[in-house]
Amino acid sequence: MQDDPQHRDRRRTRLYALTDGRTATPHTVLTMDTMITAAVAADDHGGLPTEWQAILAMCPAPNGRAVAEIAARMHMRLTPMAVLLGELVDRGLIHHRPPLEGAETSNVHLLMRIRDSLAHL
């Protein structure tokens, strides 16, 4: 059913509605390695679209997740995911921070956690 053209059209329309018709994020630049954390508590998700709730649930503070990982887990391409996350930033639902600096990536334990996370995908 995934390859059904009618199913794809519904998904495309849904993404369009979730981003208020945006095709780019005017205020927020998110790269695939930008880290995202939820700005609201898990019990404050009620009334939000299910996709927004899923993103907030998978990005608890303090660690959060990278944009690329969120996109992979949500089965979305990076560009629409960046637009969707930009919408969440503008609404104050998530925080974002740049990726780690080069000196911070030499932490072997961090690199092992990243490797293990990627293996689970």
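All values derive from a computational prediction rather than experimental measurement.
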Return the CG to CD1 distance between Leu88 and Ile36, rounded to the nearest 0.5 Å.
8.5 Å
In Å and rounded to the nearest 0.5 Å, what is the SG to NE2 distance from Cys59 to His95?
12.0 Å
Answer whether the closest heavy-atom distance between the side chains of His96 and Met35 falls below 4.5 Å.
no
Is any side-chain heavy atom of Pro62 closer than 4.5 Å to one of Thr37?
no
Between CE on residue Met58 and CE on residue Met74, distance to nearest 0.5 Å
5.5 Å
Is the shortest heavy-atom distance from the side chain of Leu78 to the side chain of Val67 under 4.5 Å?
yes
Output for pair (His75 NE2, Met81 CE), nearest 0.5 Å, gives 10.5 Å
Taking the side chain as every heavy atom from C-beta outward, state whether Ile55 and Arg65 have any pair of such atoms under 4.5 Å apart.
no
All heavy atoms of Ala39 vs all of Gly92, minimum pair found to be CB-O, 3.5 Å
Is the shortest side-chain heavy-atom distance between Leu85 and Ile94 below 4.5 Å?
yes
For Ala38 and Ala61 the tightest heavy-atom approach is O-CB, 4.5 Å
Straight-line distance of Arg115 CZ to Leu118 CG, nearest 0.5 Å
10.0 Å
Can you find a heavy atom in the side chain of Leu48 that is under 4.5 Å from one in the side chain of Leu93?
yes
